[in-house]
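This report concerns only the one structure given below.
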Amino acid sequence: MRSRPSIPRSRHSPRPNRRLWFLLSLSLFALSSFHLLGLLLHRANSLGRRCLPADDSASPSPPSNIAIVTFSAESSAGGIAGARNRRMMKARSFEGLMETVIDNKRGYAERGGYRFVDSRGLVDPSRPASWSKILAVRSVLDDHDWVFWNDADILVTNPNITLERVLRSAIGDADFDSSPDLIVTEDATGINAGVFFVRRSEWSVRFLDTWWNQTSFIRESGSTKSGDNDALKHLIGGLSEEERRVHVRVPSMQCAFNSYPWTSTWKTAYRMIASPLTIWRGVFSYGDFMVHLAGIDQKTEWAVRILKEIDDGRSL
């Protein structure tokens, strides 16, 4: 039998790419490892992390005339935006979120004797909705000692932690008149405007008005950022060392009242490598006071899942 002549392989014929398979395998291993790391970090508090000092009921407490203020703008995007931005805004829509989390927030307020304020009626349509948190805080500041702003994508996960305890951890034994006026947290990118305390004072009024007037930071409607956070960073960064020391306080532990859920993404992986202590201080762990779904897609679905964990007793 005559053998069939071999056909020369084309120089451009596809061949298995060992390097590609290696990279894919390495990627899968890395993602699996970061997922396991996330499960470990969920138990950071049991490993010795302390977001708040031990509760000392004998210590003097700040005044309890506190308002918890929040709102949600349901629309996901508007105006002119690129296709990528539109997709991201749709994924990060707040649609249905407020109705999902409002009982969690209001229930915590009622339990602690705080006033709960849903300020969605104060949203200024002329700029991205996130800016209107300034108007919301300003509208009730004169009637309360402290105003606690928290974005709609924040849930209370440990209602046994009081706002007085959080404030006491930040201001120490200072009385009301000598307390700082603004208490904020820092994440891997700096100051975060999603949750903060403001004290009733002339300085606070001036600061809020100045923040609102930082119109050069307003982003076009439809952008994935609104600009209010950048404006806040700019203002705090521009304070003199003395003014910042007296009026602004940043707790050493972000998880004191602004924990972020762990997500197995390349961005999280990069931040874990670049700044592991920042992640450790801010990642959500069982027992934390609050969880903030900052930068998270499908926020309502996340909130539903977290509320179920709370009902099952797994978040406390």
Side-chain angles (χ1 to χ4, degrees), residues 66-79 89-112 114-144 146-157 163 182-185 191-198 200 204-205 207-209 211-215 217-219 221-232 257-258 289-304 306-307:
I66 303 173
I68 298 175
V69 184
T70 188
F71 67 71
S72 172
E74 296 294 326
S75 59
S76 58
M89 293 296 291
K90 183 177 180 180
R92 293 186 184 175
S93 170
F94 282 70
E95 186 174 357
L97 182 62
M98 194 63 181
E99 284 66 27
T100 301
V101 304
I102 193 168
D103 287 344
N104 171 270
K105 295 174 181 287
R106 182 182 286 123
Y108 174 78
E110 291 176 353
R111 174 174 176 166
Y114 315 120
R115 179 186 175 192
F116 177 77
V117 183
D118 180 357
S119 298
R120 70 183 81 186
L122 294 178
V123 175
D124 185 336
S126 69
R127 58 176 79 183
S130 183
W131 281 88
S132 293
K133 69 180 68 173
I134 304 170
L135 302 179
V137 170
R138 182 70 181 86
S139 70
V140 299
L141 185 60
D142 291 342
D143 301 322
H144 299 85
W146 290 90
V147 176
F148 181 48
W149 168 264
N150 58 98
D151 283 351
D153 60 345
I154 294 176
L155 295 93
V156 176
T157 49
L163 294 183
L182 177 65
I183 302 174
V184 292
T185 61
I191 298 294
N192 179 258
V195 54
F196 53 85
F197 290 88
V198 178
R200 174 174 45 82
S204 296
V205 171
F207 185 86
L208 290 171
D209 290 345
W211 185 9
W212 176 258
N213 289 326
Q214 300 298 298
T215 54
F217 287 91
I218 297 174
R219 302 291 182 88
S221 181
S223 171
T224 55
K225 292 185 177 182
S226 63
D228 62 292
N229 205 139
D230 290 334
L232 180 62
F257 59 94
N258 191 20
F289 174 38
M290 305 184 105
V291 62
H292 184 187
L293 306 178
I296 297 289
D297 295 341
Q298 288 80 46
K299 292 179 182 292
T300 302
E301 288 81 354
W302 268 81
V304 169
I306 291 170
L307 288 170

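- How far NZ of Lys225 is from CZ of Phe217: 12.5 Å, rounded to the nearest 0.5 Å.
- Under a 4.0 Å N-O distance rule, the pair Asp151/Lys133 qualifies as a salt bridge.
- Under the 3.5 Å distance criterion, the side-chain polar atoms of Trp131 are matched with a main-chain donor or acceptor of Ser226.
- Going from atom OG of Ser204 over to atom CH2 of Trp146 covers 7.5 Å, rounded to the nearest 0.5 Å.
- One distance of note links CD1 of Ile218 with CG of Asp230; it measures 12.5 Å at 0.5 Å rounding.
- Across all non-hydrogen atoms, the minimal contact from Leu97 to Ala303 is CD1-CB, 3.8 Å.
- Heavy-atom minimum distance, Asp297 versus Trp302: O-CD1, 3.4 Å.
- Residues Leu232 and Phe207 meet the side-chain proximity criterion, which asks for heavy atoms closer than 4.5 Å.
- The shortest side-chain heavy-atom distance between Phe257 and Thr185 falls under the 4.5 Å cut-off.
- Taking the six-membered ring where the residue is Trp, Tyr114 and Tyr108 present tilted rings, their angle falling between 30° and 60°.
- With values rounded to the nearest 0.5 angstrom, Thr70 atom OG1 is found 5.0 Å from Asn150 atom CG.
- Using a distance-only test at 3.5 Å, with no hydrogens or angles considered, a donor-acceptor pair links the side chain of Thr157 to the main chain of Phe289.
- Heavy atoms only, all atoms of each residue included: Asp228 and Trp211 are closest at O-NE1, 3.0 Å.
- For Phe71 and Trp149, the ring centers are positioned less than 6.0 Å apart.
- The two residues Arg219 and Gly227 have their closest heavy-atom pair at CG-N, 3.7 Å.
- Taking the side chain as every heavy atom from C-beta outward, Ile68 and Leu163 approach each other to under 4.5 Å.
- Proximity of Met290 to Asn258: side-chain heavy atoms (C-beta onward) are nowhere separated by under 4.5 Å.
- Of the possible donor and acceptor atoms, one in the side chain of Asn104 sits under 3.5 Å from a partner among the backbone N and O of Val156.
- Leu155 contributes atom CG, which lies 11.0 Å from atom CG of Asp103 (distance to the nearest 0.5 angstrom).
- Lys105 places no side-chain N or O within 3.5 Å of a backbone atom of Met98 that could act as its donor or acceptor partner.
- Under a 3.5 Å cut-off, the side chain of Thr300 and the backbone N or O of Glu95 do form a donor-acceptor pair.
- To the nearest 0.5 Å, the span separating CD1 on Ile66 from NE2 on His144 amounts to 9.5 Å.
- Annotation: cation-pi geometry satisfied between Arg127 and Trp212 (NZ/CZ under 6.0 angstrom from ring centroid, within 45° of ring axis).
- You'll find the side chain of Leu135 reaches within 4.5 Å of the side chain of Asp124, heavy atoms only.
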Report task. Using the side chain to side chain contact (heavy atoms under 4.5 Å, CB included) rule, take Asp153 and Ile296 through it: C-alpha gap first, then chi angles, then the decisive distance, then the call. Result -> CA-CA 9 Å; Asp153 60 345; Ile296 297 289; over 6 Å; no
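- Between Val123 and Ser132 there is a side-chain heavy-atom pair separated by less than 4.5 Å.
- Every side-chain contact (heavy atoms from CB on, under 4.5 Å) that Arg200 has, sequence neighbours left out, goes to Leu141, Asp145, Phe176.
- Residues Ser119 and Val117 approach most closely at OG-CG1, 3.3 Å, considering heavy atoms.
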